[in-house]
S.K.: 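One structure, pasted below without further comment.
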Protein chains: 2
Amino acid sequence: MAKPKLDRKTLLRNSLSVFKTMGYNGTSMNDLAKANGLLKGSMYHYIESKESLMLEVLTALRDHYVSRVFNKAFDETLQPYQRLKELALRAEEIFVFEEGGDFLVNIGLETKNSVPAFTQVIKSFFQEWINTMKYLYSFVLDEADAKEKAEFIVAEIEGSVLMMKLLDDVNYLHRTNERLLKEYKELERQKVYK
Amino acid sequence: MAKPKLDRKTLLRNSLSVFKTMGYNGTSMNDLAKANGLLKGSMYHYIESKESLMLEVLTALRDHYVSRVFNKAFDETLQPYQRLKELALRAEEIFVFEEGGDFLVNIGLETKNSVPAFTQVIKSFFQEWINTMKYLYSFVLDEADAKEKAEFIVAEIEGSVLMMKLLDDVNYLHRTNERLLKEYKELERQKVYK
DNA sequence: GTTAAATTACCAAACGATTGGTAGATTAAT
DNA sequence: ATTAATCTACCAATCGTTTGGTAATTTAAC
């Protein structure tokens, strides 16, 4: 009976799936336990508290994005435009199909005034994202413009994802990405002519 | 103590204030009662349930926006550009200073998979907003483009508000509005030249 | 290789606190 | 005296968490 061990990754993935559909306050320890094939008391064999579990989920998600998605921006075997395209593609997959998506925003808003520990991780995710975009745009814009552009683009994508969810319209994000890519190409062209 | 202690408007305003900072699931009937200067049991003299109260708050908020904010777009004493400017100004006030703000988005995301009645009202709010923007852009763009532009702009503003909250940066929305206004003026210029 | 101790994984039950909601008594204005 | 508004007291259910206990497995001494 001490064999079928639940490994950490599975625990986090199962828990994320529940948190994602019910939110933080909307999810009970019972829900989490069920999703992991355990009774609620047994969950405490793996975790210290509901809050610490969520914090671990958030952190894992952020680290995943940083090391598996954002890092594409620094892949020197690709042209800058191709890197942006890779990022856009991955973002579309993530937000439209995968578990996770705009999860970080949802939880960030829901717990903003009650669990500061969450806010910190979520903030750092967005900072990382903005920095990634800033780097990519530094190829076609000067420092200050690249920064502003990066901040604006992250907001733009998040807004699209949001409307996509609220209005059940899957095209939102795709159109936004297409617009961004087209615009980037135009910026590259202008840069060359200068 | 049988005086009409609490009028409907005050009840809704007080409740909104609590819901706004703690979310739907994060707010208890006790919290709501306290905010209204009552004991929990007394709340049920005014409302049928926690859910019905929230639904009333959401509906009142949507109706307020439609009749007091969005209607500016149809004010024929103003030039289209001036109407857009009015809308932008009001939006900035609402999102930055007032209670309410992106409340509808937060609740929409938090309760998307648990309380469909909320989703309906929230959806209609965004549809109204999009329609308003579409009308304003029909002065400078053709039908199809105006629609796409409207959808995009609402997403853009929402994204800005979101980042503003998550990153505690009040400039986000202001910059977005300035960009929109400038672009609208440019669209007007292009229209004239054609 | 056998065996006993230590550890792991889990369950069933219960904890005190809090949840949304109800009933009946009490208060105060008309 | 009537009636509307509020309080007090309570309910059943659920919350996150802790407990006591029991198999299954791993470890380590022989």
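Each chain gets a letter, A, B and so on, in the order its sequence line appears, and its residues count up from 1. Below, all heavy atoms of this structure are taken into account, side chains as well, without hydrogens, waters or symmetry copies.
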S.K.: D:dA5 P sits how many Å from B:N36 CG, rounded?
M.R.: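 Roughly 15 Å, once rounded to whole Å.
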S.K.: Any cation-pi pair here, B:K50 with B:F19, using under 6.0 Å and within 45°?
M.R.: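 No; the conditions do not both hold, so B:K50 does not lie above the ring face of B:F19.
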S.K.: Grab the CE-P distance between B:M43 and D:dT8 for me, whole Å please.
M.R.: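 It is 17 Å, rounded to the nearest whole Å.
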S.K.: Rounded to the nearest Å, what distance is computed from the NZ atom of residue B:K50 to the C1' atom of nucleotide C:dT18?
M.R.: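 For the pair B:K50 NZ and C:dT18 C1', the rounded distance is 12 Å.
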S.K.: Select one nucleotide: of D:dT6, C:dC10, C:dG21, the one nearest the side-chain heavy atoms of A:S42.
M.R.: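 Closest nucleotide among those given: C:dC10.
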S.K.: Find the distance between CE (A:M163) and CG (A:D168) and round it off to the nearest 0.5 Å.
M.R.: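 If we round to the nearest 0.5 Å, A:M163:CE and A:D168:CG are 11.0 Å apart.
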S.K.: Strictly by modelled atom types, are B:E186 and B:Q190 linked by a side-chain donor-acceptor pair under 3.5 Å?
M.R.: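 There is such a pair (donor and acceptor under 3.5 Å, judged by atom type) between the side chains of B:E186 and B:Q190.
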S.K.: Could you state the atom-to-atom distance from OH of A:Y46 to P of C:dT8 in whole Å?
M.R.: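 To the nearest whole Å, that distance equals 12 Å.
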S.K.: Kindly point out which of C:dG20, D:dC7, D:dT17 is positioned nearest to the side chain of A:K40?
M.R.: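 Given the options C:dG20, D:dC7, D:dT17, the side chain of A:K40 is closest to D:dT17.
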S.K.: Closest heavy-atom contact between A:V140 and A:E188?
M.R.: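 Shortest heavy-atom separation between A:V140 and A:E188 comes out as CG1-CG, 3.5 Å.
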S.K.: Given C:dA23, is OP1 or OP2 found less than 4.0 Å from the side-chain N or O atoms of B:Y44?
M.R.: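 Indeed not, no polar side-chain atom of B:Y44 lies that close.
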S.K.: Does A:K165 count as lying over the ring of A:Y172, i.e. NZ or CZ under 6.0 Å from the six-ring centre, within 45 degrees of the axis?
M.R.: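 Judged by the rule (NZ or CZ under 6.0 Å from the ring centre, within 45° of its axis), A:K165 is not positioned above A:Y172.
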S.K.: Using only side-chain N and O atoms of A:H45, determine if any of them is under 4.0 Å from OP1 or OP2 of C:dC10.
M.R.: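 So the side chain of A:H45 is outside the cut-off, no N or O lying under 4.0 Å from OP1 or OP2 of C:dC10.
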S.K.: Looking at C:dC11, D:dT17, D:dT6, which one has an atom nearest to any side-chain atom of A:L39?
M.R.: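 So the nucleotide nearest the side chain must be C:dC11.
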S.K.: For the pair made of CG in A:L6 and C1' in C:dC10, what is the distance, rounded to whole Å?
M.R.: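 Going from CG in A:L6 over to C1' in C:dC10 covers 12 Å.
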S.K.: I need the full list of side chain to side chain donor-acceptor pair (under 3.5 Å) pairs touching residues 71-81 of chain B, with sequence neighbours left out, sorted by first then second residue.
M.R.: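 Pairs touching residues 71-81 of chain B that pass the test: B:D75-B:T77.
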S.K.: I'd like to know whether the aromatic ring centres of A:F125 and A:F70 sit less than 6.0 Å apart in this structure.
M.R.: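 When the ring centroids of A:F125 and A:F70 are compared, they turn out to be within the sub-6.0 Å range.
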S.K.: Which of residues 23-32 of chain A sit near DNA chain C, with a heavy atom under 4.0 Å from it?
M.R.: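 Those residues whose heavy atoms fall under 4.0 Å from DNA chain C, taken from residues 23-32 of chain A, amount to none.
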S.K.: Can you measure B:M54 atom CE to C:dG20 atom P for me and round it to whole angstrom units?
M.R.: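 So the CE-P distance, B:M54 to C:dG20, works out to 12 Å.
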S.K.: Whole-Å distance between D:dC7 C1' and B:L38 CG?
M.R.: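 Atom CG in B:L38 sits about 10 Å away from atom C1' in D:dC7.
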